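Model, not experiment: these values are computed from the prediction. Just the heavy atoms: all of them, side chains too, but no hydrogens, waters or symmetry mates, feed the values below.
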Amino acid sequence: MRNIEVTAKTVDMAIEKGLQMLGVSREDIEVKVINEGSMLKKAVVEIYTFANNEEREEYLKNVKTSNEIKLVKTESEVETQEFNFEGVEEVTKVVTEFLEGLLANMGIVGEVSRGVKNGDIFFRVNGENINNLIGYHGETLEAIQYIVNTITRARVPSYHKKIYIDVENYRRKRQDTVEAIAEKMAKRVLQTKKSIKLEPMNSFERKSIHYILSNIEHIGTHSEGVEPNRYLVIDYID
């Protein structure tokens with residue numbers, strides 16, 4: 001099996017470009033869409049070719065299995081094979097106790113759930129009237145996450161990856177918002193050819209914007225400032 005990644009203005013154009021690069025016809029390939037593209041972003045696809053029908057059938061079988069797993073998995077569910085990371089269960093106990101104690105002290109009725117991915121642990125707090133845990137632009141949430149990571153490093157030194165805290169799916173909603181703003185500002189940069197500074201953001205949000213703008217021609221990004229006021233700059237590149 002051979003695969004290549006192709007970028008173009010649209011998915012169809014990317015597929016056609018890939019067919020020309022490989023010298024094959026459409027019925028000879030399988031396509032995985034990485035990014036469907038938009039007004040500012042290019043489409044990205046992976047194109048697979050096969051040595052024989054058995055190889056193709058094995059690929060399709062794996063894709064089907066992968067898709068079935070994605071359908072039944074939710075953000076709060078944990079991949080069992082990833083519990084092998086040292087310290088995960090200890091970290092879970094420490095963080096859960098801290099978050100439940102925080103909720104109790106603030107008089108908030110809430111529930112703490114956990115997910116694990118690639119050794120990073122994600123905790124989500126759901127409940128009623130818990131906006132105080134988020135704060136302005138997530139400042140309180142960032143502070144809680146910082147405290148949790150500091151406590152965990154001291155009590156479970158064997159665990160070296162980062163712990164993420166979310167409240168009522170705030171981070172996902174916030175990420176969607178800042179990405180939409182970034183795309184709008186990138187369009188303005190293309191029109192004016194002048195750099196634009198975005199508002200201060202945490203490292204996760206900055207990395208997300210770096211990524212989504214990375215495929216836009218003539219657009220570059222870099223960070224400036226010092227935490228917690230570090231911000232992203234969108235530049236025009238000739």
Side-chain angles (χ1 to χ4, degrees), residues 74-78 82 85 87-186 196-214 221-234:
T74 66
E75 291 183 10
S76 62
E77 289 177 319
V78 179
E82 294 182 317
F85 289 91
V88 167
E89 294 300 338
E90 293 176 83
V91 169
T92 298
K93 185 174 184 297
V94 170
V95 177
T96 300
E97 288 179 353
F98 173 84
L99 292 176
E100 289 179 345
L102 181 64
L103 292 174
N105 288 331
M106 296 180 68
I108 297 174
V109 178
E111 181 179 277
V112 179
S113 59
R114 177 200 67 178
V116 179
K117 185 175 182 180
N118 299 326
D120 290 325
I121 309 181
F122 298 78
F123 291 88
R124 176 180 293 173
V125 182
N126 293 318
E128 297 181 1
N129 302 317
I130 57 175
N131 287 338
N132 287 340
L133 292 178
I134 298 173
Y136 178 72
H137 282 184
E139 290 178 352
T140 303
L141 181 57
E142 285 300 310
I144 293 172
Q145 182 170 283
Y146 175 80
I147 293 171
V148 164
N149 277 274
T150 300
I151 292 173
T152 303
R153 280 194 294 270
R155 296 182 60 180
V156 192
S158 62
Y159 186 80
H160 302 293
K161 305 196 79 174
K162 189 168 183 178
I163 299 163
Y164 296 90
I165 311 296
D166 199 1
V167 173
E168 291 287 353
N169 207 26
Y170 167 80
R171 291 192 185 279
R172 177 71 261 175
K173 297 173 184 176
R174 169 68 177 168
Q175 184 178 349
D176 289 343
T177 298
V178 297
E179 287 180 359
I181 293 173
E183 289 187 336
K184 182 178 180 180
M185 293 300 100
I196 291 180
K197 297 179 181 179
L198 300 181
E199 65 181 29
M201 299 176 186
N202 60 47
S203 60
F204 182 83
E205 293 169 350
R206 295 196 306 271
K207 287 178 183 178
S208 174
I209 293 176
H210 276 301
Y211 176 76
I212 68 167
L213 300 185
S214 63
T221 57
H222 71 276
S223 295
E224 294 182 0
V226 179
E227 299 289 4
N229 296 313
R230 194 162 174 77
Y231 57 89
L232 201 72
V233 180
I234 304 176

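Looking at residues two or more places apart in sequence or on another chain, you find a side-chain contact (heavy atoms from CB on, under 4.5 Å) between Ile147 and Phe98, Ile151. Ile181 is linked by a side-chain contact (heavy atoms from CB on, under 4.5 Å) to Thr177, Met185, counting only residues two or more places apart in sequence or in another chain. With sequence neighbours excluded, no residue satisfies side-chain hydrogen bond (donor to acceptor under 3.5 Å, both in side chains) with Tyr211. Among residues two or more places apart in sequence or in another chain, the side-chain contact (heavy atoms from CB on, under 4.5 Å) test is passed with Asn126 by Arg124, Glu168. Partners of Glu128 by side-chain hydrogen bond (donor to acceptor under 3.5 Å, both in side chains), not counting sequence neighbours: none found. Applying the side-chain hydrogen bond (donor to acceptor under 3.5 Å, both in side chains) criterion to Asp176, with sequence neighbours excluded, gives Arg172. The side-chain contact (heavy atoms from CB on, under 4.5 Å) test applied to Ser223 returns Arg206, His210, Arg230, Leu232, not counting sequence neighbours.
A distance of 11.0 Å separates CD1 in Ile144 from CG in Asp166, rounded to the nearest 0.5 Å.
Among pairs with a residue in residues 196-205, those fulfilling salt bridge (charged side-chain N to carboxylate O under 4.0 Å, His left out) read Arg174-Glu199, Arg174-Glu205, at least two apart in sequence or across chains. Within the structure, the salt bridge (charged side-chain N to carboxylate O under 4.0 Å, His left out) test picks out the following pairs touching residues 130-152 (sequence neighbours left out): Glu142-Arg171. For residues 93-102, the pairs satisfying salt bridge (charged side-chain N to carboxylate O under 4.0 Å, His left out) are Lys93-Glu97, with sequence neighbours left out.
With Lys162 as reference, Asn149 is the one residue of Asn149, Thr152, Ile121 to meet the side-chain contact (heavy atoms from CB on, under 4.5 Å) rule.
Inspection of the Glu224 and Tyr231 side chains reveals an N or O donor paired with an N or O acceptor under 3.5 Å.
Shown here for Leu141 and Tyr170, the closest heavy-atom pair between the two residues is CD2-CD2, 3.7 Å.
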